[in-house]
Amino acid sequence: MSDVLEQLRQVEQSTPVLVALFDASDRLRYANAAFRAAMFIAEGEEISWEEMVRRNYHAGRGTIINTSDIDEWIVAHRSRRGKQRQKVFEVDFHDGRWLLVTQTVSDDGWMLAHAIDVTAFRPDEREMRLARDRAVYASYTDELTGLANRRFVTARVADMQAQDGPGGAFCLIDLDNFKTINDRFGHQAGDTILRDFALRMVQQIRRADCFARVGGEEFVLTLPATSADAARLIVERILAVVQLARPLPERPDFSYSFSAGIAQSRPGDTFTDLYSRADRALYAAKMAGRSRIHLEKDMPPPSIATLG
């Protein structure tokens, strides 16, 4: 078997196909020579995906990234990266090449990426395919924050429920006193806070987790194979980070917070089931004073009057 693995390694190092393996934290753990050359990575360098993207963007090399704000671009792409078991898409490079990329994600969150050069394949159809990919991307994206939207996270909940093993946690998050913030400082300041929150969230969660904006100041975070108690620890850590943020330069004393309700998934749960139970826990967190996290399991059963 070791001979076979060595032969595989040698072939991968000589093939023009780009091959890379990222771990569950999105750090590059293996790359063949073609991938290292295309992405300007030193042999043996274990760089994170985000570090790789930033470095090549600022150097004007590697994949073409059409944005004037790399932070917003990273937020948008991390919101969807690695959330589907398999994904196929096309990218263009500064050197003129066009590559077809296949990403495959394992149950434990590792991602294998292959890319082949398709520059010579029907260039007249390339723009049509690119327009199609852009339309699909837009249909799953919140325009203001660049996060995934309700449609995307609904599909990820279905994926989470279809997996074998332990279920996951569903977190419904609401920014505290957001209407008051808009009324006091204006909607532009409100938009700045929403984008700031999106950036801080995606920096704190795992690649397997899905974070989406589903309403004005309402967000959903799904954490596959995670208990509600573990999810609360994660969200409490994020809350502490958010409370330290000062997103309005003209108002250096301004800070904001959020409240969250967390439900544990059960077999057969739909997005609506989880949303409803997490919403009840979120309401309790709000009524308890905001800036806190409540679990569905800690809630008393709904009364007959409530159900009516």
Side-chain angles (χ1 to χ4, degrees), residues 22 24-26 75-89 101-113 132-174 198 201-202 204-232 234-235 238 260-283 293-297 299:
F22 294 84
S25 63
D26 226 1
V75 166
H77 282 72
R78 284 190 61 179
S79 181
R80 274 163 297 279
R81 178 173 164 80
K83 308 300 186 293
Q84 298 163 278
R85 183 58 61 93
Q86 189 170 70
K87 183 177 181 181
V88 180
F89 57 95
V101 181
T102 301
Q103 294 176 343
T104 305
V105 181
S106 66
D107 288 339
D108 56 1
W110 285 57
M111 176 190 286
L112 178 65
R132 176 204 61 199
D133 291 345
R134 286 173 176 163
V136 171
Y137 179 85
S139 73
Y140 287 121
T141 302
D142 173 63
E143 185 175 356
L144 175 65
T145 62
L147 294 172
N149 60 14
R150 180 185 289 264
R151 181 181 181 188
F152 186 88
V153 74
T154 300
R156 302 291 73 75
V157 167
D159 292 342
M160 181 174 73
Q161 293 298 91
Q163 292 180 0
D164 296 329
F170 182 101
C171 309
L172 186 60
I173 299 172
D174 191 88
M201 283 292 297
V202 298
Q204 298 295 321
I205 62 176
R206 305 167 300 183
R207 190 183 61 206
D209 304 330
C210 184
F211 182 56
R213 184 183 180 209
V214 296
E217 66 271 22
E218 196 169 75
F219 300 81
V220 163
L221 172 64
T222 63
L223 301 105
T226 305
S227 69
D229 289 317
R232 173 157 57 185
I234 292 170
V235 178
I238 296 172
I262 301 177
Q264 185 74 50
S265 68
R266 304 167 185 167
D269 272 342
T270 64
F271 178 90
T272 301
D273 296 331
L274 287 164
Y275 184 97
S276 178
R277 301 204 307 270
D279 188 41
R280 187 164 170 261
L282 171 62
Y283 179 79
I293 297 99
H294 277 210
L295 303 186
E296 169 211 5
K297 69 175 187 175
M299 300 286 297

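Since we're looking at a predicted model, the values are computed, not measured.
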Less than 3.5 Å apart, any donor N or O on the side chain of Ser106 or Asp108 sitting next to an acceptor on the other?
yes
Heavy-atom count around Phe89 CZ within 6.0 Å, excluding the residue itself: above 12?
yes
Who are the side chain to side chain contact (heavy atoms under 4.5 Å, CB included) partners of Thr102, not counting sequence neighbours?
Gln86, Val88, Thr104
Partners passing side chain to side chain donor-acceptor pair (under 3.5 Å) against Thr272 (at least two apart in sequence or in another chain):
none
Output for pair (Leu172 CG, Ile293 CD1), nearest 0.5 Å, gives 12.5 Å
State which residues pass side chain to side chain donor-acceptor pair (under 3.5 Å) with Asp279; sequence neighbours excluded, sorted by chain then number.
none
Basic-acidic side-chain contact under 4.0 Å: Arg85, Asp107:
yes
Minimum heavy-atom distance between Ala198 and Thr145, given as atom pair plus value:
CB-CB, 4.0 Å
Salt bridge (Lys or Arg N to Asp or Glu O under 4.0 Å) filter on Arg151, not counting sequence neighbours, yields none
Can you list the residues that meet the side chain to side chain donor-acceptor pair (under 3.5 Å) rule with Lys87, with sequence neighbours excluded?
none
Candidate pair Val202 and Leu147, rule side-chain contact (heavy atoms from CB on, under 4.5 Å), full reasoning
CA-CA 9 Å; Val202 298; Leu147 294 172; 3.8 Å; yes
Closest non-hydrogen atom pair between Leu223 and Ala231, with its separation:
CD1-CB, 4.0 Å
Non-neighbouring partners of Phe219 that pass ring-ring contact (aromatic ring centres under 6.0 Å, His included), sequence neighbours left out
Phe197, Phe211
Mark yes or no for whether Ser276, through its side chain, and Asp273, through its backbone, hold a donor-acceptor pair below 3.5 Å.
no
Listing request: all salt bridge (charged side-chain N to carboxylate O under 4.0 Å, His left out) pairs with a residue in residues 210-223, at least two apart in sequence or in separate chains.
Asp142-Arg213
Quick one: CD1 on Ile234 to CD1 on Ile205, what's the gap to the nearest 0.5 Å?
9.5 Å
Thr141 side, atom OG1; Phe152 side, atom CZ - distance, nearest 0.5 Å
8.5 Å
Partners meeting side chain to side chain contact (heavy atoms under 4.5 Å, CB included) with Asp26 (sequence neighbours left out)
Phe22, Trp49, Arg81, Arg207
Just list the side-chain donor-acceptor pairs under 3.5 Å for residues 260-268, sequence neighbours left out, or say none.
unit_1	atom_1	unit_2	atom_2	d
Gln264	OE1	Ala228	N	2.5
Gln264	NE2	Gly168	O	3.0
Gln264	NE2	Thr226	O	3.2
Ser265	OG	Gln161	OE1	3.2
Ser265	OG	Gly168	N	2.8
Ser265	OG	Gly168	O	3.1
Arg266	NH2	Glu296	OE2	2.9

Could you grab the distance from atom CZ of Arg232 to atom OG of Ser227, nearest 0.5 Å is fine?
10.0 Å
Sequence neighbours excluded, which residues qualify as side chain to side chain contact (heavy atoms under 4.5 Å, CB included) partners of Asp159?
Arg156
Which residues share a side chain to side chain contact (heavy atoms under 4.5 Å, CB included) with Ala281, sequence neighbours left out:
His294, Met299
Applying side chain to side chain donor-acceptor pair (under 3.5 Å), can you list everything that pairs with Ser25, at least two apart in sequence or on another chain?
Asp23
At what distance, to the nearest 0.5 angstrom, does CG of Asn149 lie from CG of Leu144?
12.5 Å
Check whether any side-chain heavy atom of Thr222 lies under 4.5 Å from a side-chain heavy atom of Val153, and answer yes or no.
yes
For the student: nearest non-hydrogen atoms of Ser79 and Ala148, plus distance:
OG-N, 2.6 Å
Is there a donor-acceptor pair closer than 3.5 Å between any side-chain N or O of Lys83 and the backbone N or O of Asp209?
yes
Side chains of Phe170 and Arg277: closer than 4.5 Å at any heavy-atom pair?
no
